[in-house]
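Down below is the structure, laid out as structure tokens.
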Amino acid sequence: MSRRQFLLPESEIPTRWYNILADMKEPPPPPLNPATREPIGPEALAPIFPMALIQQEVSSERWIDIPEEVQEVYRIWRPTPLYRATRLEKALDTPAKIYYKHEGTNPSGSHKPNTAIAQAYYNKKEGTKRLATETGAGQWGSALAMACMMFDVECTVYMVRVSFDQKPYRKSLMQVYGAEVYASPSEHTAFGRSVLAKDPDCPGSLGIAISEAIEDAASKDDVKYSLGSVLNHVLLHQTVIGEEVRKQMEMAGDYPDIIIGCCGGGSNFAGFAFPFMRDKLTGEKPNTRFIGVEPSSCPTLTKGRYEYDHGDTAGMTPLMKMYTLGADFVPPSIHAGGLRYHAMSPIISALYDQGFMEAQSVGQKEIFKAAITFSHNEGIIPAPESSHAVWCAIEEAKKCKESGEAKVIAFNLSGHGLLDLSAYDSYLSGRME
Ligand SMILES: Cc1ncc(COP(=O)(O)O)c(C=O)c1O
């Protein structure tokens, strides 16, 4: 009988984050000042981020200690379980072994608190009174709302309008945690008002919501901005996921041949994959395949250009070298709101450009079909974002059936979909486009 659960004791929660920049021979090119096109110094970020996070953003130290106060909150839900999807393997009749890490077991339901807790902590320590942020599907907003509540920091969330309308209970969750929530584009900022003036029915995008949150933060001294993906320090905090998985795969006696994660701005993929990518970068495991999966309606890696672009629509952020569809790209209103971002993290963009990883894109009906196959066998209902990874794992397992290869496939189940049931309704009723 195959073992299904690989659970670590509390004492095995990582005490350090892994910084992949230390192992990249060609790190991403530096961010630029849009006016001068010269590299920006850390001081340019000081109006919107606390110094500790700015230092992490530019650090090339391989390991960064996790403060005890952050570890103390991680202990509410970490370590998270790694499962072997034995029932799914059987249903697919595949010789492949499929493992998944379940990051949806915490109170807010996704991987996002791994960085939200750290960001709220450092902000509190440096005297921030309120944090402003954007959210797509609401997973990031609810994670930051929870983190702010724990460290007694106020929280304002600009939630992309299409998700605000599709996912009212995510908004309620954030409000329960004490956050104030605006549908973006909103009347609350000058940029939001300018977008609404041109298009009163604008569904919003992460790029627009980021501009609103930055405008809110930059105009006040005791308000800072917090980003849930893309930036180096966010990816860094997420590596607790993959560091745990390394130990759990050891318990299972396997090492993954294929590592899969969905990609919005890249943080759950990075957190899951980078601790294994380390072995590829150092040449120890040169053949591991890494696959980032994105929606075909927002195909940043698969169809974007690798060039300097803004991280937001209003052009308030520095220019970063990223795969991008253009900062003014407004993706269609798909249900995987957390994947509707026009660009990709600079680190992931560089790794993709250098051939260390692959990317695939897939349409939304296919991901819901895969999610339902998964839930029929494993019970868990995945978030629409995570379902992109589920789809890819199933496709790779089917290829193993054809080739007869018993590959080890590992994917990150970045969140549960229990507050995304309206999306499942739309799929099941045949209304989904
Ligand atoms: C469950 C889930 N997975 C994935 C993502 C995508 O973000 P990232 O690429 O930073 O992991 C989101 C974003 O909101 C999310 O909520």
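Atoms within each ligand, like the ligands themselves, are counted from 1 in listed order.
- Salt bridge status for E294 with K303: absent, with no side-chain N to carboxylate O gap under 4.0 Å.
- Between Y100 and F411, the ring planes lie parallel to each other; the angle is under 30°, not in the 30° to 60° tilted range.
- Remark: K285 is positioned above the aromatic ring of Y255, its terminal NZ or CZ atom under 6.0 angstrom from the ring centre and at most 45 degrees off the axis.
- Heavy-atom separations between A137 and ligand 1 are all 4.0 Å or longer.
- The shortest N or O to N or O distance between H111 and ligand 1 is below 3.5 Å.
- Regarding atom 7 (O) of ligand 1, its nearest protein heavy-atom neighbour is K112 NZ, 3.2 Å.
- Under a 4.0 Å criterion applied to the non-hydrogen atoms of S229, ligand 1 contributes the atoms 8 (P), 10 (O).
- Between S110 and ligand 1, no N or O atom pair is found at a separation short of 3.5 Å.
- Not a single heavy atom of G136 lies less than 4.0 angstrom from ligand 1.
- Judged by distance alone, the side chain of K97 and the main-chain N or O of R84 form no donor-acceptor pair under 3.5 Å.
- The residues K398 and E395 are annotated as salt-bridged, a charged nitrogen and a carboxylate oxygen being separated by less than 4.0 angstrom.
- Where the criterion is an N or O separation shorter than 3.5 Å, residue side chain and backbone included, S386 fails it with respect to ligand 1.
- Listed by number with element, the atoms of ligand 1 under 4.0 Å from a non-hydrogen atom of L339 are 6 (C).
- For the pair Q139 and ligand 1, the shortest N or O to N or O distance does not fall below 3.5 Å.
- Evaluated by nearest non-hydrogen atom to atom 11 (O) of ligand 1, the leading choice among I348, N268, D420, N412 is N268.
- Proximity of E103 to ligand 1 is not established, as no heavy-atom distance is less than 4.0 Å.
- At under 3.5 Å, a nitrogen or oxygen of G266, whether backbone or side chain, sits near a nitrogen or oxygen of ligand 1.
- For F49 and H233, the distance between ring centers is under 6.0 angstrom.
- Electrostatic pairing of E396 and K399 counts as a salt bridge here, judged by a charged N lying under 4.0 Å from a carboxylate O.
- Heavy atoms of Q238 come nearer than 4.0 angstrom to ligand 1 in no pair at all.
- Nearest protein heavy-atom contact of atom 1 (C) of ligand 1 is S414 OG, 3.5 Å.
- For atom 14 (O) of ligand 1, the closest heavy atom belonging to the protein is G338 CA, 3.4 Å.
- At a threshold of 4.0 Å, the pair E126-K224 does not count as salt-bridged, since none of the basic side-chain nitrogens sits closer than that to a carboxylate oxygen.
- Taking the ring axis of Y427 as reference, the NZ or CZ atom of K365 does not stay both within 45° of it and closer than 6.0 Å to the ring centre.
- An N or O contact shorter than 3.5 Å links G264 to ligand 1 by distance.
- Contact annotation: for V230 versus ligand 1, there are no heavy atoms closer than 4.0 Å.
- In this structure a side-chain-to-backbone donor-acceptor pair under 3.5 Å is missing from E212 to Y158.
- By the 4.0 Å N-to-carboxylate-O rule, R340 lies too far from E385 to be salt-bridged with it.
- At a cut-off of 3.5 Å, with distance as the only test, no side-chain donor of E61 or N19 sits close to an acceptor on the other residue.
- The shortest N or O to N or O distance between G228 and ligand 1 is not under 3.5 Å.
- Short contacts between ligand 1 and C262, defined as distances under 4.0 Å to a heavy atom of the residue, involve ligand atoms 3 (N), 4 (C).
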